[in-house]
Amino acid sequence: MEYVSTRGQIRPIGFSQAVMMGLADDGGLVVPKDIPDVRGRCDDWRGLPYEDLALEVMTPFVGDIPRDDMRDMIHRTYDVRNYGGPVAPVARVGQMFVLELFHGPTMAFKDVALQLLGNLFEYILARRASGARAMNILAATSGDTGSAAICGVRGRKGINIFVMHPHGRVSPIQERQMTAVLDDNVHNIALEGSFDDCQRIMKELFGDLEFKNRYCLGAVNSVNWARVLAQIVYYFSTAAEVQKLTGAAKVRFAVPTGNFGDVLAGWYAMKMGAPISGLILATNENDILARFFSTGEYSLAQVRQTLSPSMDIQLASNFERYLYYRVGQDGDRLRGLMKQFARTGRLTVPCGCGPAGVSACPGGINRTDPDFQAGAAKTADVLDAIRQCHSRHGYVLDPHTACGWAVAEKFLPGDPIICLATAHPAKFPAAIEQATGRNDLARHPRIDKLMSMSTRSTLLANDKQAVREFIVNRLERP
Ligand SMILES: *Cc1c(COP(=O)(O)O)cnc(C)c1O
């Protein structure tokens, strides 16, 4: 498989290079040249163990890593020793299904992709010429990417990781999950700004190609294609499982969304031919994406802090990948749109229902794209969802999952809905207590242990130059 940039200005590259490049050198995102059609193979894949399915789903996207080596990496990634059980188990909860993606080491779905990415980095570096076997990861996190990425690469040879989190805006547990890792190759930065500031500084530093190449910068945010790729797998495994449980021909997924990475993986799965009839996109009060899918206009607002901090994002980086397909994979056109957006903070795209436009939309409603239904959950909706789900079904949702649940309930009649549970509730005990009045529902021994561990991080100004100097100092110190 060859990869190109959404902005059309890099030469096609292979999978390994796409993984190492992170953000495309022209400022766009790396995308596969084609989306493989695997419709005819879904039946054969039924019942495969997760690891074997992962190998099948990923193979058409890889190409330059021998299949046996991919198999080995995938098996190490999803080993029961890492997961203590299945990677992506499904629970029936009331009228819906919950896909529990929080059984990895840092208890958020991001482990599923970042554990694999750590193995991919190590593998690709080890096969390089001896002078080029080092990389420095630069990451921005709204809470969960940081700890999952750190966990994926801590202690690995030749890899340093720098993680910026918005100071005081991630939960105390999320902060500790990052800063209580004291390996020499882990560098935590508390930035005096929002997540969007962290992400902007990251993109600006990646955009300085001299700096990027000199210090071999790599990305673990979902701008990295391998993240999206690893997440496509569980849409296939779960769709098949729920088909079997319900006898339905197709299923829907409700996805709590921040950076549009996870839901984009679902969209790729759908386009590849997984039996998915639609995606329900859920945001919190930072509803730029929900508004887009209801109105066709993408317009920036202020970031608000909510109970679901990993979704407190306005500028969803992966949305650019989706827009690329919406403009017919026309990099020049997308480059123009992104320029316009950078200037005005707004952009619009034509209705996705084809040449007939809005009149072809189901029910004549402009949903912008018939593949998506969308909604935003307010704080009160999230608290209600957590409380009711617990009292009716005895099941505790974390506040991110609760956004998906609350929005999904509005779309209930129709194909079965699978809500992605993106974090373990024990990561967000304050929200659970606020919703239920109980402090004993969201506990986990791994989290309890964190609170007594030592931590390390450096507070930096909301300034690209300060971050740059910090990185240089750390890397150049004797
Ligand atoms: C990152 C994250 C999300 C949002 O995922 P995106 O891929 O950024 O849309 C949702 N829930 C939790 C718990 C997360 O950590």
Side-chain angles (χ1 to χ4, degrees), residues 29 98-114 117 139-151 163 165-166 169-171 173-175 177-178 195-196 198-199 219-232 234-235 253-268 279-284 286-290 292-293 303 306-322 372 374 376-377 382 386 397-407 419-428 431-432 442:
L29 276 82
V98 174
L99 170 57
E100 296 183 345
L101 296 170
F102 51 68
H103 294 285
T106 71
M107 299 159 67
F109 82 97
K110 291 186 170 77
D111 287 322
V112 176
L114 282 162
L117 191 57
T141 183
S142 58
D144 295 321
T145 300
S147 53
I150 287 169
C151 186
V163 176
H165 68 265
R169 299 199 196 185
V170 297
S171 86
I173 289 171
Q174 287 177 317
E175 185 181 334
Q177 280 188 303
M178 294 186 272
F195 169 71
D196 285 309
C198 296
Q199 185 149 265
V220 290
N221 280 92
S222 50
V223 298
N224 194 310
W225 168 252
R227 290 263 315 260
V228 179
L229 177 59
Q231 291 168 190
I232 294 173
Y234 50 69
Y235 287 93
F253 286 92
V255 190
T257 305
N259 236 336
F260 203 76
D262 206 3
V263 72
L264 181 74
W267 183 84
Y268 274 107
L279 297 162
I280 298 169
L281 177 145
T283 66
N284 59 25
N286 296 290
D287 62 352
I288 178 169
L289 288 166
F292 172 80
F293 283 103
V303 186
T306 73
L307 295 175
S308 43
S310 303
M311 294 158 60
D312 289 348
I313 297 176
Q314 286 284 332
L315 262 186
S317 28
N318 268 294
F319 190 61
E320 178 165 340
R321 285 195 168 109
Y322 167 79
F372 287 88
V382 170
I386 296 172
L397 303 167
D398 101 285
H400 303 78
T401 308
C403 290
W405 179 279
V407 171
C419 290
L420 268 61
T422 50
H424 192 290
K427 289 188 89 162
F428 304 96
I432 309 302

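Counting convention: from 1, in listed order, for ligands and their atoms alike.
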For the aromatic rings, using the six-membered ring if either is Trp, is the centroid distance between Tyr234 and Phe109 under 6.0 Å?
no

Taking the six-membered ring for Trp, are Tyr268 and Trp225 closer than 6.0 Å centroid to centroid?
yes

To the nearest 0.5 Å, what is the distance between NE2 on His424 and CD on Glu100?
8.0 Å

At their closest point, which heavy atom of Val228 faces which heavy atom of Ala265, and how far apart are they?
O-CB, 3.6 Å

Dump the pairs for me: ligand 1 N or O, protein N or O, distance under 3.5 Å, to 0.1 Å.
{"residue": "ligand 1", "atom": "7 (O)", "partner": "Gly261", "partner atom": "N", "Å": "3.2"}
{"residue": "ligand 1", "atom": "7 (O)", "partner": "Asp262", "partner atom": "N", "Å": "2.9"}
{"residue": "ligand 1", "atom": "8 (O)", "partner": "Asn259", "partner atom": "N", "Å": "2.8"}
{"residue": "ligand 1", "atom": "9 (O)", "partner": "Gly258", "partner atom": "N", "Å": "2.8"}
{"residue": "ligand 1", "atom": "9 (O)", "partner": "Asn259", "partner atom": "N", "Å": "3.2"}
{"residue": "ligand 1", "atom": "9 (O)", "partner": "Phe260", "partner atom": "N", "Å": "3.2"}
{"residue": "ligand 1", "atom": "11 (N)", "partner": "Thr422", "partner atom": "OG1", "Å": "2.8"}
{"residue": "ligand 1", "atom": "15 (O)", "partner": "Lys110", "partner atom": "NZ", "Å": "2.6"}
{"residue": "ligand 1", "atom": "15 (O)", "partner": "Asp144", "partner atom": "OD2", "Å": "2.5"}

Residues in ring-ring contact (aromatic ring centres under 6.0 Å, His included) contact with Tyr235, at least two apart in sequence or another chain:
Phe253

Trace of the side-chain hydrogen bond (donor to acceptor under 3.5 Å, both in side chains) decision for Asn318 with Arg321
CA-CA 5 Å; Asn318 268 294; Arg321 285 195 168 109; 2.6 Å; yes

